Every structure is written in structure tokens, then in C-alpha cells.
Enquirer: 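One structure is given below, represented as C-alpha cells, and several questions about it will come after.
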Amino acid sequence: MRTAIVRANKPLLIFYPSRSLVRLFSITAFWCNSKADDSLTLLHTTMMARQDDGETPLLQQPDSEQSMVNLKTPLPWNQFWIILVLQFSDFLVFETFSPFIPELIGDIGVTNGDDSQVGYYAGILHSAYYVSQTLTILYWSQLSDYVGRKPLILIASFAIATTMLSFGLSRTFLGLLVSRIICGAFNGENGVVKNLLMDITDATSLPKAYGYLPISWMSAAIIGPLAGGSLSRPADRFPEIFGRSELLKTYPYLLSCAVPAVCASVAWLVTYFCLKESVSTKASLWELIKGWFLRRSHAKPSTPSGHALTSSGEESNYEEVPPQPLPLRAVLTPKVLTVIASNGTFTLFYIALNSILSIFYAAPIELGGLSLDPPRIGTIFATSAFANGAFQILFYTRLHDRFGAYVIYMTGLCSGIPVVVLFPVINALARAHGIGLAVWLAVAIQRVLFTILEMCFACMALFIRASAPNRASIGATNGVIQLVAGGARIIGPVCGAAVFSYSMQEGRDAWLAYYFFMSLGFLAIGTSVFLPRDPCLWEERKYYDYR
């Protein structure tokens, strides 16, 4: 039999293997050009079954477009729906608090009746949650590479349900703070859920999965505020039902907190009975704990279930030997560092920009804002959230199939620049014509551009998956990337709000904040030009799951 590796339909190398039994397998070859545009030719070649005719070539070069259609894998709904349940539970934890947090802080007396201090303490609770989540997300993700995704999700779901109930039972600010810190620490398992999503999908089905993920946060954004607002102080709101409950009179926010606690409990049951472990090579959690104390190796050596082809020609099934998790230092490859820089700067730009929206809408027109009241601001956010989720569900997968992740990602980043420019334009229209049709049209255009910007999150997941050194290190790779992004989530709101407030002060340059945001936008664009034109170009041969 004759085997040829080709480029531009010309054979580069021809060799003649023996006529021994040939197993059916697939090889994906990458050919790197030396051109500066980093254009790569991805060669898909498929081995055919054993042929008795020695003239039949083993390697063929199929048509690229037809090959990509044939290689698409369906979304594994038998496991994917569980991820939707877990994501809904995670988002609900945060969304439920928003309506009653200010009232709760006033009720516990920490402000001594000074309503101007409510925002300060509410900010502490929110920041404590995100800080603890950021500090633990790397450890959760890396640990999941060794012990598996399922046990950590079970532990986290139980802890989240417990801390939500403890939050509703807290009567002091310290109790509230401790509950939020523990909840945020265990909600670092949200990175483990993302690892699970990357485990059960590939480069062709992951975009489709991200097209459906908005279902979770849209549902949480609708149910969470309704439950948190309507079920707080139930003895006062519904005296005919809860008026005799001394427990709900003593702890008026317990019923609101019970909603995400019950959802977390349901997520625990669904995970326990329905979720299949996606990590094939792992040590038990107990063995890992003993290894930490005894300073032994973290992972238990895996025993190959098949054979591999040895140098002596004996058959062995090396495809069934799963890869091993790499140490953190080995994970920090140039590809991973590129994604860290791109995702970190994008997250900083997006979070800083998003943090000033409510400030801009509420600030007086003469100070550079729109002077909108809370109901209208809430309507803007709710409408845009629904439109954003519906757009991604209906169109993201189609856009990805048509243009690819890189084009959508760069388009999203570039759309952030006109978003910044529209802030002073909207204010100028409000100064000249008042809050009229022109202002609302400009606000609508800005929110549409924001929807395009938010598609970058789905595209970045493809680059994260492709940058992982091997399948067993997806958790560590995603963890270190999310660690940097978590730092950006902490820094972004502080910097954005501070610069915007400073520029609004009398005698200051009103454009200072917009210069700052545009600089962050161009920084994110600059770090993203080093990403590959197609995430598949970063996929290593050893990264594919041979079954």
C-alpha cells in the first residue's frame, strides 16, 4: 500500500508500509507557513480500511467544506441539559439578592439609620462574593482535572444551598458577609461546569452549546428578581398565608433565600443521578487528600485497558491510554498566555464599560448623564437582556458557522469603540432636545452594539478549549484564564466608576472617562490579533479523543 502526505495536490513524501493488518484510524496534519499573516493549511486526511490492492492510497484529501459538514458532531443533549440546570442555579444565586439587599441592610441596623451608607455595605457584600470566587476558581478547576467534575459539583451545590439558607437566617452584617464569602468560594465551581461543557463537546458542537446557554441566565434574570422581591417580608406582604409564621417574622428574607437554596438542591439531585463523569483519568478525592498530607503524587497512575503498537511491531491500543493532567507551570504555554492576555483585557474593557451604564443613565444631564429614574433604567436593562439572549439563541450558531469565532470576536471588540463614543453623543442629544425619540434611538443602537460585544464570551470559550495542552488539562487551563478574568472583574468596576465620576466633577475634562474606555478597547483589540484565525488550528493531534 502507498501512503502520501500532500500539500497543494503535490506529494511531499511517499513511503510504503508492509501489507500487515491496518487498523482504521484518523490523522489530522497541520502545515505551518512562514508568512507573517499566520495563515495555516489544515489537512484532513482519513485512513481507509485494509485494502488487498496495494495501489489503493490510504490517505485521501477530502474537500474542505464538505469535510467540515461531515465532521460536525451533534450536541449531547442527554448531558447538556444538566449543564443548563447547573448554570441556572449559579446565576439565580446572584440575581435573587438584588431587590431586597438595600432593605435588608437597613433592617439589620448596620447603617444606624443613615441611608447614604446602604450602597457602601451592599458593595462590600457584592465584592466579597466575587473576591472569594476569584481566589478559588483556579483551585476548583485544577482539582477537577484530578478527581473529576462530578464530585466537586456535588460538594459545591450542597455548600451553596447551605450558605443561602444561612444568609436568610443571618441577623448581623458579619453573618451576611461570612455567608457571601463562603458562597462565592464554592461558586468557584462555575469554572468546573465550564470545564464539563468543554469535555462533552468538541470544536463543532461547542458554538451550538453557547447558543443555548443564554436560556439559563435569561431564566434566572426573570425568576430571580421576582422571587427575591415578592417573597421578601412575606408575613407583611401575604398576611393571610404567612401572617402566623413566627419564623418568617423573625427572618423576613428567609423565604427569598430559600428559592436559590431549593434550586441548588435540585441541581445536586440532578447531578448525582443523571450526570456522567467526563474525566476518565482521576484519583479519588480521599486519595488526593492523603497525597497532600503525605506529599505524594496527586494522580493515581492509570492502567491502559488496551495495547499500543510497540517498536517491535506488536499491537497495542495507545488510543485508550488517557492523557495525564499537567502541572500548572507546564500549562502556561505561549498559546495559553495569548488567551490569558486577550481574555483578561477584553473582560477588563467589558466590565469597566458595563459598570458605568447605570451611573450614566441616572446621572443628571448637566453632569453628562440622562437623569433617568430607576423604573426606566430597569426597563432598559430587562429589555436588552431579553433581546441579547434571544439574539444569541437564534443567530449565534449560524453566525459562527458562517464567519468563524475569530471574525465574530474581533467584530465584537471593535463594536465596543462606538459604544463608548455614543455616551457623549446621547448626552449631547439630551441637552439639545431632551429625552425624546433621538435619545431613545441612540440608546437602542448602543444596546445593539453591546449585544455584539457580549458575543465575545462565547467565542473565547473556543480559544480556551483549543489552547489547552491536552484534554486532561482543560480544568487547569480554564482555571488560570478565569483567575485573571476574575481579577479584571474586581478591578474593572472600581476603575471605570472612579474615572467616570472624576470626569463628571466640575472643572474636569468630561471626555477623560471616554478616552480611558477607548484605550482599554484598543488594548483588547491589540492583544487579540495574536489569536489564530480558526481555533481548530491550535488543536493538537494528541488532543483529539480517539474512541
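Predicted model only: the values in this text are computed from it and were never measured.
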Enquirer: Do you know which two heavy atoms are closest between N427 and I365, and how far apart they sit?
Expert: ND2-O, 3.0 Å
Enquirer: If the test is side chain to side chain contact (heavy atoms under 4.5 Å, CB included), which one of L213, N478, L86 qualifies with L197?
Expert: L213
Enquirer: If you compare all heavy atoms of P364 against all heavy atoms of S371, which two are closest, and at what distance to 0.1 Å?
Expert: CA-OG, 3.1 Å
Enquirer: For F423, does the CZ atom have more than 12 heavy-atom neighbours from other residues, nucleotides or ligands under 6.0 Å away?
Expert: yes
Enquirer: Quick one: does S216's side chain have a donor or acceptor within less than 3.5 Å of a partner on L84's backbone?
Expert: yes
Enquirer: Any idea how W77 and Y212 line up, ring-wise: parallel (<30°), tilted (30 to 60°), or perpendicular (>60°)?
Expert: perpendicular
Enquirer: Counting N and O atoms only, with roles assigned by atom type, does the side chain of D534 sit under 3.5 Å from a partner on the main chain of L537, one being a donor and the other an acceptor?
Expert: no
Enquirer: Restricting to non-hydrogen atoms, name the atom on G487 and the atom on T134 that form the minimum distance, rounded to 0.1 Å.
Expert: N-CG2, 3.6 Å
Enquirer: Should we count CZ of R431 as having more than 12 external heavy atoms under 6.0 Å?
Expert: yes
Enquirer: So Y210 and T397, do their side chains get closer than 4.5 Å, heavy atoms only?
Expert: no
Enquirer: So, the side chain of E277 versus the backbone of K150: is there a donor-acceptor pair under 3.5 Å, distance only?
Expert: yes
Enquirer: Is there a ring-ring contact (aromatic ring centres under 6.0 Å, His included) between F457 and Y350 once you walk through the steps?
Expert: CA-CA 10 Å; F457 287 105; Y350 174 82; 5.1 Å; yes
Enquirer: Looking at V419, is its backbone amide N or carbonyl O close enough to the side chain of Q446 to form a donor-acceptor pair, meaning the two atoms are under 3.5 Å apart?
Expert: yes
Enquirer: Please answer whether the main-chain N or O of D202 pairs with a side-chain N or O of S205 as donor and acceptor at a distance below 3.5 Å.
Expert: yes
Enquirer: Can you check side chain to side chain contact (heavy atoms under 4.5 Å, CB included) on Y409 and S342, steps first, answer last?
Expert: CA-CA 10 Å; Y409 186 77; S342 178; 3.0 Å; yes
Enquirer: Examine distances only and state if a side-chain atom of S157 and a backbone atom of L154 form a donor-acceptor pair shorter than 3.5 Å.
Expert: no
Enquirer: Give the ring-plane orientation class for W511 versus Y514, where under 30° counts as parallel, over 60° as perpendicular and anything between as tilted.
Expert: perpendicular
Enquirer: Please check: side-chain N/O of S467 versus main-chain N/O of F463, any donor-acceptor pairing under 3.5 Å?
Expert: yes
Enquirer: Angle between ring planes, Y130 versus F94, binned at 30° and 60°: parallel, tilted or perpendicular?
Expert: tilted
